[in-house]
There are 2 protein chains.
Amino acid sequence: MTSQAFEAHDHRSCIAAGVASAVQICAERNLQLTAARQRVLEILLSEHRAMGAYEILEHLRAEGLGSQPPVAYRALEFLTKNGFAHRIERLNAFIACSHLDNAHAPVFLICRACERVVEAEANAAQGEIDRVARRAGFVVERAVREAEGLCPACAPTA
Amino acid sequence: MTSQAFEAHDHRSCIAAGVASAVQICAERNLQLTAARQRVLEILLSEHRAMGAYEILEHLRAEGLGSQPPVAYRALEFLTKNGFAHRIERLNAFIACSHLDNAHAPVFLICRACERVVEAEANAAQGEIDRVARRAGFVVERAVREAEGLCPACAPTA
DNA sequence: GATCGTATGATATAACATATCAACCCCATC
DNA sequence: GATGGGGTTGATATGTTATATCATACGATC
Ligand SMILES: [Zn+2]
Ligand SMILES: [Zn+2]
Ligand SMILES: [Zn+2]
Ligand SMILES: [Zn+2]
(Lines give C-alpha, C1' and ligand atoms only; values in the text may rest on other atoms or scores of the structure.)
(Ligands and ions follow the chains in the order given, each with its own letter.)
Protein backbone atom coordinates (compact mmCIF):
# COMPACT_ATOMS: atom_id res chain seq x y z
CA MET A 1 0.00 0.00 0.00
CA THR A 2 2.94 2.32 -0.10
CA SER A 3 3.76 1.95 -3.79
CA GLN A 4 5.27 5.34 -4.07
CA ALA A 5 5.83 5.75 -7.74
CA PHE A 6 5.61 4.30 -11.17
CA GLU A 7 7.90 1.42 -10.37
CA ALA A 8 7.35 -2.31 -10.78
CA HIS A 9 6.10 -4.13 -7.73
CA ASP A 10 4.28 -7.22 -6.52
CA HIS A 11 0.84 -6.25 -7.58
CA ARG A 12 -1.06 -9.15 -5.95
CA SER A 13 -0.06 -7.78 -2.60
CA CYS A 14 -1.53 -4.40 -3.54
CA ILE A 15 -4.96 -5.95 -3.83
CA ALA A 16 -4.70 -8.27 -0.86
CA ALA A 17 -3.27 -5.64 1.44
CA GLY A 18 -5.74 -3.02 0.30
CA VAL A 19 -8.74 -5.20 0.95
CA ALA A 20 -7.35 -6.40 4.26
CA SER A 21 -6.81 -2.84 5.46
CA ALA A 22 -10.28 -1.85 4.41
CA VAL A 23 -11.85 -4.83 6.16
CA GLN A 24 -10.04 -3.97 9.36
CA ILE A 25 -10.81 -0.27 9.23
CA CYS A 26 -14.47 -0.95 8.56
CA ALA A 27 -14.60 -3.28 11.54
CA GLU A 28 -13.03 -0.64 13.76
CA ARG A 29 -15.38 2.09 12.59
CA ASN A 30 -18.54 0.04 12.31
CA LEU A 31 -18.79 0.52 8.59
CA GLN A 32 -20.50 -2.06 6.43
CA LEU A 33 -18.15 -3.26 3.75
CA THR A 34 -20.84 -5.09 1.81
CA ALA A 35 -20.24 -7.44 -1.09
CA ALA A 36 -20.72 -4.82 -3.76
CA ARG A 37 -18.59 -2.28 -1.94
CA GLN A 38 -15.74 -4.67 -1.36
CA ARG A 39 -15.90 -5.88 -4.93
CA VAL A 40 -15.69 -2.33 -6.26
CA LEU A 41 -12.67 -1.71 -4.07
CA GLU A 42 -11.05 -4.86 -5.43
CA ILE A 43 -11.81 -3.78 -8.98
CA LEU A 44 -10.20 -0.41 -8.33
CA LEU A 45 -7.22 -2.02 -6.64
CA SER A 46 -6.76 -4.35 -9.58
CA GLU A 47 -5.22 -1.59 -11.65
CA HIS A 48 -3.13 1.45 -10.94
CA ARG A 49 -5.31 3.65 -13.01
CA ALA A 50 -8.56 5.50 -12.60
CA MET A 51 -11.72 3.74 -13.69
CA GLY A 52 -15.01 5.29 -14.69
CA ALA A 53 -18.18 4.38 -12.88
CA TYR A 54 -19.58 2.69 -15.94
CA GLU A 55 -16.49 0.61 -16.46
CA ILE A 56 -16.82 -0.58 -12.89
CA LEU A 57 -20.48 -1.18 -13.45
CA GLU A 58 -19.67 -3.53 -16.32
CA HIS A 59 -17.68 -5.70 -13.97
CA LEU A 60 -20.45 -5.74 -11.42
CA ARG A 61 -22.98 -6.55 -14.07
CA ALA A 62 -20.90 -9.46 -15.36
CA GLU A 63 -20.75 -10.82 -11.83
CA GLY A 64 -24.41 -10.38 -11.05
CA LEU A 65 -23.79 -7.75 -8.43
CA GLY A 66 -25.97 -5.12 -10.02
CA SER A 67 -26.61 -3.64 -13.40
CA GLN A 68 -27.78 -0.06 -13.00
CA PRO A 69 -25.66 3.08 -12.52
CA PRO A 70 -26.72 3.77 -8.94
CA VAL A 71 -25.20 0.46 -7.88
CA ALA A 72 -21.77 1.61 -8.91
CA TYR A 73 -22.21 5.18 -7.72
CA ARG A 74 -23.42 4.11 -4.30
CA ALA A 75 -20.46 1.86 -3.76
CA LEU A 76 -18.11 4.57 -5.00
CA GLU A 77 -19.70 7.11 -2.71
CA PHE A 78 -19.15 4.83 0.26
CA LEU A 79 -15.54 4.20 -0.70
CA THR A 80 -14.66 7.82 -1.35
CA LYS A 81 -16.52 9.16 1.67
CA ASN A 82 -14.61 6.82 3.91
CA GLY A 83 -11.26 7.31 2.30
CA PHE A 84 -10.87 3.93 0.61
CA ALA A 85 -10.91 5.47 -2.83
CA HIS A 86 -10.47 8.87 -4.40
CA ARG A 87 -12.18 10.63 -7.21
CA ILE A 88 -9.86 11.98 -9.91
CA GLU A 89 -11.61 15.16 -10.98
CA ARG A 90 -9.57 15.57 -14.10
CA LEU A 91 -10.78 12.20 -15.38
CA ASN A 92 -14.21 11.95 -13.83
CA ALA A 93 -13.03 8.62 -12.58
CA PHE A 94 -12.00 6.79 -9.43
CA ILE A 95 -8.97 5.09 -7.99
CA ALA A 96 -8.25 3.07 -4.88
CA CYS A 97 -6.43 4.92 -2.13
CA SER A 98 -2.86 3.82 -1.74
CA HIS A 99 -2.23 5.48 1.60
CA LEU A 100 -4.99 4.00 3.68
CA ASP A 101 -2.95 4.19 6.82
CA ASN A 102 -2.50 7.91 7.31
CA ALA A 103 -4.72 10.91 6.87
CA HIS A 104 -3.47 12.65 3.80
CA ALA A 105 -3.53 15.44 1.27
CA PRO A 106 -2.99 13.44 -1.86
CA VAL A 107 -1.41 14.64 -5.07
CA PHE A 108 -2.23 12.60 -8.13
CA LEU A 109 0.15 12.17 -11.01
CA ILE A 110 -1.72 11.09 -14.12
CA CYS A 111 0.23 9.76 -17.09
CA ARG A 112 -1.61 10.56 -20.29
CA ALA A 113 0.31 7.90 -22.19
CA CYS A 114 -0.01 4.76 -20.09
CA GLU A 115 -2.92 5.99 -17.98
CA ARG A 116 -1.25 5.01 -14.76
CA VAL A 117 -2.14 7.19 -11.81
CA VAL A 118 0.03 7.50 -8.75
CA GLU A 119 -1.12 8.89 -5.45
CA ALA A 120 1.62 10.75 -3.69
CA GLU A 121 1.65 12.15 -0.22
CA ALA A 122 1.82 15.92 0.05
CA ASN A 123 2.17 18.35 2.86
CA ALA A 124 -1.10 20.23 2.88
CA ALA A 125 0.17 23.14 4.88
CA GLN A 126 3.04 23.83 2.50
CA GLY A 127 1.10 23.80 -0.72
CA GLU A 128 0.22 26.76 -2.85
CA ILE A 129 -3.47 26.08 -2.40
CA ASP A 130 -3.21 26.48 1.31
CA ARG A 131 -1.04 29.57 1.05
CA VAL A 132 -3.41 31.26 -1.37
CA ALA A 133 -6.47 30.29 0.64
CA ARG A 134 -5.01 31.66 3.84
CA ARG A 135 -4.30 34.97 2.19
CA ALA A 136 -7.84 35.18 0.89
CA GLY A 137 -9.45 34.14 4.15
CA PHE A 138 -10.89 31.10 2.43
CA VAL A 139 -11.73 27.96 4.42
CA VAL A 140 -10.60 24.92 2.45
CA GLU A 141 -12.75 21.85 2.88
CA ARG A 142 -11.42 19.89 0.00
CA ALA A 143 -8.34 20.42 -2.13
CA VAL A 144 -7.83 18.97 -5.56
CA ARG A 145 -4.22 18.51 -6.62
CA GLU A 146 -3.78 16.67 -9.86
CA ALA A 147 -1.02 16.75 -12.42
CA GLU A 148 -1.36 15.41 -15.92
CA GLY A 149 1.69 14.61 -17.94
CA LEU A 150 4.16 11.83 -18.60
CA CYS A 151 5.48 9.29 -16.14
CA PRO A 152 9.18 8.37 -16.05
CA ALA A 153 8.52 5.34 -18.23
CA CYS A 154 6.62 7.23 -20.90
CA ALA A 155 8.49 10.54 -20.96
CA PRO A 156 11.50 9.24 -22.92
CA THR A 157 9.32 7.58 -25.55
CA ALA A 158 7.44 10.77 -26.24
CA MET B 1 -8.65 42.08 -14.22
CA THR B 2 -6.76 41.76 -10.98
CA SER B 3 -9.74 41.24 -8.70
CA GLN B 4 -7.78 39.27 -6.21
CA ALA B 5 -10.37 37.95 -3.85
CA PHE B 6 -13.95 37.78 -2.82
CA GLU B 7 -14.26 41.50 -2.31
CA ALA B 8 -16.75 43.95 -3.77
CA HIS B 9 -15.60 45.78 -6.87
CA ASP B 10 -16.77 47.66 -9.94
CA HIS B 11 -17.97 44.71 -11.90
CA ARG B 12 -18.73 46.50 -15.15
CA SER B 13 -15.04 47.16 -15.54
CA CYS B 14 -14.38 43.44 -15.14
CA ILE B 15 -16.33 42.74 -18.30
CA ALA B 16 -15.12 45.72 -20.29
CA ALA B 17 -11.48 45.24 -19.38
CA GLY B 18 -11.64 41.53 -19.96
CA VAL B 19 -13.07 41.86 -23.42
CA ALA B 20 -10.70 44.68 -24.31
CA SER B 21 -7.69 42.62 -23.29
CA ALA B 22 -8.91 39.66 -25.27
CA VAL B 23 -9.52 41.76 -28.34
CA GLN B 24 -6.03 43.17 -28.15
CA ILE B 25 -4.33 39.85 -27.52
CA CYS B 26 -6.20 38.23 -30.38
CA ALA B 27 -5.11 41.01 -32.69
CA GLU B 28 -1.50 40.55 -31.62
CA ARG B 29 -1.57 36.82 -32.09
CA ASN B 30 -3.72 36.64 -35.19
CA LEU B 31 -6.51 34.83 -33.42
CA GLN B 32 -10.07 35.16 -34.63
CA LEU B 33 -12.26 36.39 -31.81
CA THR B 34 -15.50 35.68 -33.64
CA ALA B 35 -18.92 36.81 -32.49
CA ALA B 36 -19.77 33.59 -30.71
CA ARG B 37 -16.37 33.39 -29.05
CA GLN B 38 -16.46 36.95 -27.82
CA ARG B 39 -20.01 36.55 -26.59
CA VAL B 40 -19.11 33.43 -24.61
CA LEU B 41 -16.24 35.31 -23.05
CA GLU B 42 -18.60 38.13 -22.08
CA ILE B 43 -21.05 35.64 -20.63
CA LEU B 44 -18.31 34.11 -18.53
CA LEU B 45 -17.04 37.51 -17.46
CA SER B 46 -20.52 38.54 -16.44
CA GLU B 47 -20.32 36.48 -13.27
CA HIS B 48 -17.55 35.48 -10.92
CA ARG B 49 -18.59 31.88 -10.96
CA ALA B 50 -18.13 28.88 -13.17
CA MET B 51 -20.76 28.20 -15.78
CA GLY B 52 -21.56 24.91 -17.44
CA ALA B 53 -21.43 24.58 -21.21
CA TYR B 54 -25.16 24.08 -21.40
CA GLU B 55 -25.89 27.13 -19.32
CA ILE B 56 -23.76 29.15 -21.72
CA LEU B 57 -25.49 27.50 -24.61
CA GLU B 58 -28.84 28.74 -23.33
CA HIS B 59 -27.60 32.29 -23.56
CA LEU B 60 -26.30 31.76 -27.08
CA ARG B 61 -29.55 30.14 -28.10
CA ALA B 62 -31.59 33.03 -26.75
CA GLU B 63 -29.46 35.41 -28.77
CA GLY B 64 -29.56 33.44 -31.98
CA LEU B 65 -25.86 32.63 -31.88
CA GLY B 66 -26.32 28.88 -32.02
CA SER B 67 -28.38 26.20 -30.44
CA GLN B 68 -26.44 22.97 -30.40
CA PRO B 69 -23.80 21.82 -27.88
CA PRO B 70 -20.85 21.98 -30.28
CA VAL B 71 -21.40 25.72 -30.61
CA ALA B 72 -20.69 26.26 -26.94
CA TYR B 73 -17.93 23.69 -26.73
CA ARG B 74 -16.11 25.10 -29.73
CA ALA B 75 -16.10 28.58 -28.30
CA LEU B 76 -15.00 27.25 -24.92
CA GLU B 77 -12.22 25.26 -26.51
CA PHE B 78 -10.94 28.36 -28.25
CA LEU B 79 -11.10 30.39 -25.06
CA THR B 80 -9.44 27.81 -22.85
CA LYS B 81 -6.79 26.85 -25.39
CA ASN B 82 -5.77 30.48 -25.69
CA GLY B 83 -5.91 31.27 -22.02
CA PHE B 84 -8.98 33.51 -21.99
CA ALA B 85 -10.92 31.08 -19.84
CA HIS B 86 -10.24 28.12 -17.60
CA ARG B 87 -11.97 24.87 -17.04
CA ILE B 88 -12.81 24.10 -13.41
CA GLU B 89 -12.42 20.34 -13.24
CA ARG B 90 -14.17 20.00 -9.94
CA LEU B 91 -17.31 21.53 -11.43
CA ASN B 92 -17.10 20.45 -15.05
CA ALA B 93 -17.59 24.12 -15.77
CA PHE B 94 -15.78 27.18 -17.07
CA ILE B 95 -14.74 30.59 -15.88
CA ALA B 96 -13.14 33.61 -17.48
CA CYS B 97 -9.48 34.12 -16.75
CA SER B 98 -8.84 36.97 -14.40
CA HIS B 99 -5.09 37.21 -14.97
CA LEU B 100 -4.94 37.62 -18.69
CA ASP B 101 -1.79 39.68 -18.48
CA ASN B 102 0.71 37.18 -17.15
CA ALA B 103 1.39 33.50 -17.79
CA HIS B 104 0.21 31.73 -14.72
CA ALA B 105 -0.34 28.64 -12.60
CA PRO B 106 -3.79 29.41 -11.28
CA VAL B 107 -5.31 28.21 -8.05
CA PHE B 108 -9.08 28.30 -7.88
CA LEU B 109 -10.99 28.89 -4.69
CA ILE B 110 -14.55 27.65 -5.04
CA CYS B 111 -17.13 28.70 -2.47
CA ARG B 112 -19.74 25.99 -2.14
CA ALA B 113 -22.22 28.38 -0.55
CA CYS B 114 -22.32 31.39 -2.88
CA GLU B 115 -20.70 29.61 -5.84
CA ARG B 116 -18.21 32.38 -6.38
CA VAL B 117 -14.90 31.26 -7.82
CA VAL B 118 -11.71 33.23 -7.45
CA GLU B 119 -8.63 32.67 -9.52
CA ALA B 120 -5.48 33.29 -7.56
CA GLU B 121 -1.96 33.43 -8.78
CA ALA B 122 0.33 30.68 -7.53
CA ASN B 123 3.98 29.98 -7.80
CA ALA B 124 4.14 26.79 -9.82
CA ALA B 125 7.65 25.91 -8.78
CA GLN B 126 6.89 26.13 -5.08
CA GLY B 127 3.78 23.98 -4.99
CA GLU B 128 3.45 20.50 -3.66
CA ILE B 129 2.47 19.18 -7.07
CA ASP B 130 5.74 20.26 -8.54
CA ARG B 131 7.74 18.96 -5.61
CA VAL B 132 6.07 15.56 -5.74
CA ALA B 133 6.37 15.33 -9.51
CA ARG B 134 10.05 16.15 -9.42
CA ARG B 135 10.67 13.42 -6.89
CA ALA B 136 8.82 10.90 -9.02
CA GLY B 137 10.47 11.96 -12.27
CA PHE B 138 7.09 12.91 -13.64
CA VAL B 139 6.81 15.55 -16.37
CA VAL B 140 3.88 17.85 -15.57
CA GLU B 141 2.05 19.21 -18.57
CA ARG B 142 -0.97 20.49 -16.76
CA ALA B 143 -1.61 21.01 -13.07
CA VAL B 144 -5.03 21.24 -11.49
CA ARG B 145 -5.20 23.17 -8.24
CA GLU B 146 -8.69 23.71 -6.93
CA ALA B 147 -9.96 24.24 -3.42
CA GLU B 148 -13.57 23.87 -2.44
CA GLY B 149 -14.82 25.42 0.74
CA LEU B 150 -16.21 28.64 2.13
CA CYS B 151 -15.28 32.16 1.14
CA PRO B 152 -14.74 34.87 3.76
CA ALA B 153 -18.30 36.11 3.30
CA CYS B 154 -19.92 32.71 3.69
CA ALA B 155 -17.70 31.12 6.33
CA PRO B 156 -19.18 33.06 9.29
CA THR B 157 -22.74 32.27 8.25
CA ALA B 158 -22.06 28.55 8.13
C1' DG C 1 -44.29 -7.15 16.07
C1' DA C 2 -43.95 -2.10 15.06
C1' DT C 3 -40.43 1.23 14.02
C1' DC C 4 -36.15 2.81 12.29
C1' DG C 5 -32.00 3.10 9.79
C1' DT C 6 -29.30 1.34 6.22
C1' DA C 7 -28.75 -0.89 2.06
C1' DT C 8 -30.69 -2.48 -2.60
C1' DG C 9 -33.50 -2.74 -6.65
C1' DA C 10 -35.49 -0.50 -10.50
C1' DT C 11 -36.73 3.13 -13.64
C1' DA C 12 -36.17 7.35 -15.63
C1' DT C 13 -33.86 11.44 -16.65
C1' DA C 14 -30.44 15.09 -16.19
C1' DA C 15 -26.01 16.89 -17.27
C1' DC C 16 -21.78 16.90 -19.71
C1' DA C 17 -19.12 15.96 -24.03
C1' DT C 18 -17.73 14.46 -28.71
C1' DA C 19 -17.89 12.38 -33.51
C1' DT C 20 -18.96 13.23 -38.15
C1' DC C 21 -19.98 15.31 -42.39
C1' DA C 22 -21.53 19.07 -45.14
C1' DA C 23 -21.53 23.98 -46.06
C1' DC C 24 -19.35 28.23 -46.01
C1' DC C 25 -16.03 31.99 -45.98
C1' DC C 26 -11.70 34.14 -46.35
C1' DC C 27 -7.71 34.63 -48.55
C1' DA C 28 -3.63 33.32 -51.07
C1' DT C 29 -2.05 31.44 -55.19
C1' DC C 30 -2.15 30.16 -59.87
C1' DG D 1 -11.21 35.22 -61.80
C1' DA D 2 -10.88 30.36 -60.92
C1' DT D 3 -8.74 26.96 -57.63
C1' DG D 4 -7.77 25.17 -53.38
C1' DG D 5 -6.55 25.05 -48.47
C1' DG D 6 -7.47 26.35 -43.65
C1' DG D 7 -10.38 27.66 -40.38
C1' DT D 8 -15.22 28.33 -38.90
C1' DT D 9 -19.99 27.15 -38.60
C1' DG D 10 -24.35 24.30 -39.09
C1' DA D 11 -26.68 20.21 -38.21
C1' DT D 12 -27.45 15.62 -36.60
C1' DA D 13 -26.51 11.93 -33.86
C1' DT D 14 -24.45 9.67 -30.22
C1' DG D 15 -21.52 8.73 -26.26
C1' DT D 16 -20.42 9.37 -21.38
C1' DT D 17 -21.11 10.63 -16.64
C1' DA D 18 -24.29 11.45 -12.76
C1' DT D 19 -28.56 11.92 -10.07
C1' DA D 20 -33.59 11.91 -8.77
C1' DT D 21 -37.19 9.19 -7.21
C1' DC D 22 -39.87 5.64 -5.50
C1' DA D 23 -40.16 0.93 -4.00
C1' DT D 24 -38.42 -3.08 -1.43
C1' DA D 25 -35.65 -5.86 1.79
C1' DC D 26 -33.68 -6.69 6.19
C1' DG D 27 -31.46 -6.54 10.57
C1' DA D 28 -31.39 -3.80 14.99
C1' DT D 29 -34.01 -1.65 18.58
C1' DC D 30 -37.77 -0.71 21.43
ZN1 LIG E 1 -5.41 8.14 -0.54
ZN1 LIG F 1 3.18 6.46 -18.44
ZN1 LIG G 1 -6.16 32.70 -15.63
ZN1 LIG H 1 -19.25 32.34 -0.53
Side-chain angles (χ1 to χ4, degrees), chain A residues 22 26-27 29-41 43-44 49-82 84-95 110 112 115 144 146 148, chain B residues 22 26-27 29-41 43-44 49-82 84-95 110 112 115 144 146 148:
Chain A
C26 284
R29 301 185 197 162
N30 261 331
L31 299 172
Q32 301 188 43
L33 189 61
T34 63
R37 289 168 179 178
Q38 176 168 338
R39 189 68 194 106
V40 170
L41 179 58
I43 292 166
L44 289 175
R49 65 181 178 87
M51 300 178 73
Y54 282 73
E55 185 180 357
I56 291 165
L57 181 57
E58 276 174 31
H59 287 267
L60 296 178
R61 187 176 284 149
E63 300 168 17
L65 281 170
S67 63
Q68 298 305 317
V71 173
Y73 280 100
R74 284 166 180 162
L76 287 166
E77 186 188 358
F78 171 86
L79 293 173
T80 53
K81 202 167 72 178
N82 293 294
F84 301 120
H86 298 288
R87 177 180 169 82
I88 307 296
E89 299 296 340
R90 174 70 186 137
L91 303 176
N92 291 338
F94 303 83
I95 193 166
I110 306 163
R112 66 167 164 82
E115 294 195 296
V144 176
E146 297 170 359
E148 195 172 21
Chain B
C26 285
R29 302 186 196 161
N30 262 329
L31 299 173
Q32 301 188 41
L33 189 60
T34 63
R37 290 169 178 178
Q38 176 167 337
R39 190 68 195 107
V40 169
L41 178 58
I43 291 166
L44 288 175
R49 66 179 178 88
M51 300 178 72
Y54 279 72
E55 186 180 356
I56 291 165
L57 181 58
E58 277 174 31
H59 287 267
L60 296 179
R61 188 176 283 149
E63 299 168 19
L65 282 170
S67 62
Q68 299 304 318
V71 173
Y73 281 100
R74 284 166 180 162
L76 288 166
E77 187 188 358
F78 171 86
L79 293 173
T80 53
K81 201 167 73 176
N82 294 293
F84 301 120
H86 298 289
R87 176 181 169 82
I88 308 294
E89 300 295 343
R90 173 71 187 136
L91 302 175
N92 291 338
F94 303 83
I95 193 164
I110 307 163
R112 67 166 162 83
E115 294 194 296
V144 176
E146 297 171 359
E148 196 172 20

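Within every chain, numbering begins at 1; the chains are lettered A, B, ... in the order of the sequence lines, protein sequences first and strands thereafter.
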*Which one of B:Val40, B:Thr34, B:Leu41 satisfies the side-chain contact (heavy atoms from CB on, under 4.5 Å) criterion with B:Arg37?*
B:Thr34
*Do any of residues 72-81 of chain A sit with a heavy atom less than 4.0 Å from DNA chain D, and if so which?*
A:Tyr73, A:Arg74
*Return the residues of residues 29-37 of chain A meeting this criterion: a heavy atom under 4.0 Å from some atom of DNA chain D. Order them by number, or give none.*
none
Interatomic spacing from [atom1] in [X] to [atom2] in [Y] - rounded to 0.5 Å:
X	Y	atom1	atom2	answer
A:Ile110	A:Glu148	CD1	CD	5.5 Å
B:Glu89	A:Glu146	CD	CD	7.5 Å
B:Phe84	B:Phe94	CZ	CZ	16.0 Å
B:Ile56	B:Arg39	CD1	CZ	11.0 Å
A:Leu91	A:Arg112	CG	CZ	13.5 Å
A:Ser67	A:Leu57	OG	CG	7.0 Å

*Side chains of B:Phe78 and B:Leu31: does their closest heavy-atom pair fall under 4.5 Å?*
yes
For the pair made of [atom1] in [X] and [atom2] in [N], what is the distance, rounded to whole Å?
X	N	atom1	atom2	value
A:Arg90	C:dC16	CZ	C1'	14 Å
B:Met51	C:dA15	CE	C1'	15 Å
B:Glu89	C:dC16	CD	P	13 Å
A:Tyr54	C:dA17	OH	P	15 Å

Which atom pair, heavy atoms only, marks the closest approach of [X] to [Y]?
X	Y	value
A:Gly52	A:Ala93	N-CB, 4.0 Å
B:Ala35	B:Leu65	CB-CD2, 4.4 Å
B:Ala75	B:Ala36	CB-O, 4.3 Å
A:Val144	B:Arg90	CG2-CD, 4.3 Å
B:Arg87	B:Thr80	N-CG2, 4.2 Å
B:Leu76	B:Ala53	CD1-CB, 3.9 Å

*Most 5' of A:Pro70 and B:Leu65 on DNA chain D, judged by nearest nucleotide*: B:Leu65
*So how far off straight is the helix from C:dG1-D:dC30 to C:dC30-D:dG1, going by the axes through five pairs at either end, to 10°?*
10°
Could you list the protein-to-nucleotides 23-26 of chain C atom pairs, N/O on both sides, closer than 3.5 Å?
none

_Outermost DNA chain D nucleotides near chain B [under 4.0 Å, heavy atoms]_ = D:dG7 to D:dT12
What nitrogen or oxygen pairs link the protein and nucleotides 27-29 of chain C at under 3.5 Å?
none

